[in-house]
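Proteins come first, then strands; the chains are lettered A, B, ... in the order of their sequence lines, and each starts at number 1.
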2 protein chains.
Amino acid sequence: MLEAKLQEAGTLKKLLDSIKELVTDANFECNEEAIVLQAMDNSHVALVSVKFSAAAFKRYRCDRPMPLGVNLTSLNKVLKCAKDDDICTLKAADEADVLNLVYEAKNSDRIAEYDMKLMDIDADTLQIPETEYDARVTLPSSEFTRIVRDLSQLGESVRIEVSKEGVRFASDGEAANGSVLLRQSDGAHISGSVIKPKSDDKDGDDEDEAEGSSSKKEKTKIKKEKGDDDVDMTEEQNEEEGEKEDEEEEYKPVENGDDGEEEQDNEDEDEDEEGGSKKRKKKANGTSKPAKKPKTAKSKGKAAEEDESADGVVIEMNQHVCLTFSLKYLVNFSKSSSLSNKVQLMMSNDVPLLVSYDFNQGYIRYYLAPKIGED
Amino acid sequence: MLEAKLQEAGTLKKLLDSIKELVTDANFECNEEAIVLQAMDNSHVALVSVKFSAAAFKRYRCDRPMPLGVNLTSLNKVLKCAKDDDICTLKAADEADVLNLVYEAKNSDRIAEYDMKLMDIDADTLQIPETEYDARVTLPSSEFTRIVRDLSQLGESVRIEVSKEGVRFASDGEAANGSVLLRQSDGAHISGSVIKPKSDDKDGDDEDEAEGSSSKKEKTKIKKEKGDDDVDMTEEQNEEEGEKEDEEEEYKPVENGDDGEEEQDNEDEDEDEEGGSKKRKKKANGTSKPAKKPKTAKSKGKAAEEDESADGVVIEMNQHVCLTFSLKYLVNFSKSSSLSNKVQLMMSNDVPLLVSYDFNQGYIRYYLAPKIGED
DNA sequence: ACCGTCGCGA
DNA sequence: TCGCGACGGT
């Protein structure tokens, strides 16, 4: 039995507005700790991962894990019937085939109730590569929206390059080429700390809870390897990880470029020629440049983004990265800017980009494989 | 000869925006007391009734009754040429084939003049059932708009139920079912007073002026009967009213449901088994529940809506009603919300719904027959 | 009040 | 498939 009371229906509304174009059906996996949604986008190029921690709710109760198969188009319709400041309660009985949504006006003189049919959706609980990254750029989400929208007018794809100069977004098009350079707000941009996704959840590790039994450290490493292989679009990746569960798949991003052939093992173009890639970060640290301790605060630990000023750009970099992505998807991701003032872009060479919007006790993350052969 | 000077062209503009989709051609019946438009919508399901009292105009003169056959699409185009705060004067000579519109800017530094061709339109001056109702719900027009728009996302029709609980709008759809409950703002919702349409005109009876020669009392009763028959879609309604004029028809709403058979005399399902239906209200008063005098003011007399606070919901009920309507039409009606902050829904079981937007010295009313066989 | 997006009709 | 109209959002 699920009962989750959200103070502001607007949060959920914005969330659905963000992803409805990318994903049409998905399971909301509810358990006692959180509600999580993970799904490939409709063209199986990008991966969307959403999480609402139990603490995100005014009240939360979920006796036992239950997947709620939802048609997001329907859910979006139902959510359109809520006002942003309505109190929204989600209810589902065990084994229910409907999700009950109650919208309560602030002043309580209006109560709307909706029952939305649920559906069975193949429980492809995807393993998300939980990796460390070579660079993280934290920037105002509006800025990101602006940049990708601007560049999408020129070309199909954008080259994102993080260097000591800052972060550069560049696109080449028929009519014009464009490039936007963002510098760290206060100049610092080299980090020697661990760069991995972290939301503002109290527990920085909780995004691993759905994974296998190996320790977090091990998993990180393994995921990392898989991430590398994934980018090469090799289907035969039966390495040493043994935690794959029955219906769980790995996130195998499809190359979304149109010019990319399979380029197995061509990640040695950069300074990243490590075959097993045990610790990409460490190596980067050693070979590329000495890790300066960031003069700005919070490039380490879990406080990275929430105490950063709202409109600053923070660049954390352990290694120079240069990746190319489809702008169409980035533009789509950037719709989530209504959910957070800031967005984090996390990158390693030849590894899927992670775009993360963190909000109060939850996040929405997008993974997108780079186009290869053009950086 | 007609000459009518309207302080704000915006009023007329909004009016035409409201109805242009529903009606494309109609007669503006002008006489010395008012300009009235009555027309079935294009699909002959709903009836639209508009009235501008002479007092609505800054200056008004109409020597003798004249019908102005107007293509509303054209009129709308011409009105688009006026600014909202222009002073708008309508002029038509006797037997004229054009309507002359003059727009005068507030500061008089601009005068625009248009001549719009008139047309002959079958003068189907409809008799509107002037009935008493079992329930009236007065609510902010924006709220009504919101509710019908929301529910129209889910299903085709809405069930409106007025009970002591409040008023409930419910719709069932493929993907989801929805229900919105509004409670009387301050808790009172039972009325023992006469419930009939009343605008904020000084003369509460003036909506009868286009009718026959019988006294208002008689007419009310007669109309009531006709209303009942109408709903049953019987074509043979040649009762005792003798004021039917040559080209005048009755408003015979077409059943807009798809599953409804004719259900003559099945209004005895509820507490309303009165064959002749002399005074539905009285009976209801006696049988349903004692009429509590509303603790809130103004559930009686003609001051009902204008001194009600802007965003309150007032429910007056003499009897429980439950009716089903096509949402498509209600959504269309709700476009008139720009004309008034409030809207009144008046209902009796098995009788067409009346949706009324009252504005300064005038109103726009919509009548819509219920779907039958599903409430 | 204006602009952009979506849906419907030609 | 293109154009026009309507609706919703900024």
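With sequence neighbours excluded, the residues that form a side-chain contact (heavy atoms from CB on, under 4.5 Å) with B/Asp17 are B/Lys20, B/Asn76. With sequence neighbours excluded, the residues satisfying side-chain hydrogen bond (donor to acceptor under 3.5 Å, both in side chains) with B/Ser336 are B/Ser18, B/Tyr366. B/Thr89 meets the side-chain contact (heavy atoms from CB on, under 4.5 Å) test with B/Glu3, B/Lys5, B/Lys91, B/Val102; sequence neighbours excluded. Partners of A/Gln153 according to the side-chain hydrogen bond (donor to acceptor under 3.5 Å, both in side chains) rule, which considers only residues two or more places apart in sequence or in another chain, do not exist here. Scored by the side-chain contact (heavy atoms from CB on, under 4.5 Å) test, A/Arg146 finds A/Asp150 as partners (sequence neighbours excluded). Here A/Asp84 pairs with A/Lys13 under the side-chain hydrogen bond (donor to acceptor under 3.5 Å, both in side chains) rule; sequence neighbours left out. Listed by chain and residue number, B/Gln7 satisfy the side-chain hydrogen bond (donor to acceptor under 3.5 Å, both in side chains) test with B/Lys58 (two or more places apart in sequence, or in another chain).
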What protein N or O atoms touch nucleotides 3-10 of chain C N or O atoms at under 3.5 angstrom, if any, and at what distances?
none

Can you pull every protein N or O that's under 3.5 Å from an N or O on nucleotides 8-10 of chain D?
unit_1: D/dG8; atom_1: OP1; unit_2: B/Arg149; atom_2: NE; d: 2.9
unit_1: D/dG8; atom_1: OP2; unit_2: B/Arg149; atom_2: NE; d: 3.2
unit_1: D/dG8; atom_1: OP2; unit_2: B/Arg149; atom_2: NH2; d: 3.2

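Using a 4.0 Å cut-off between charged side-chain N and carboxylate O, B/Lys335 and B/Glu21 make a salt bridge.
As judged by a 4.0 angstrom heavy-atom cut-off over every strand, B/Asn332 is placed among residues making no nucleic acid contact.
Residue B/Lys335 places at least one side-chain N or O closer than 4.0 Å to OP1 or OP2 of D/dC7.
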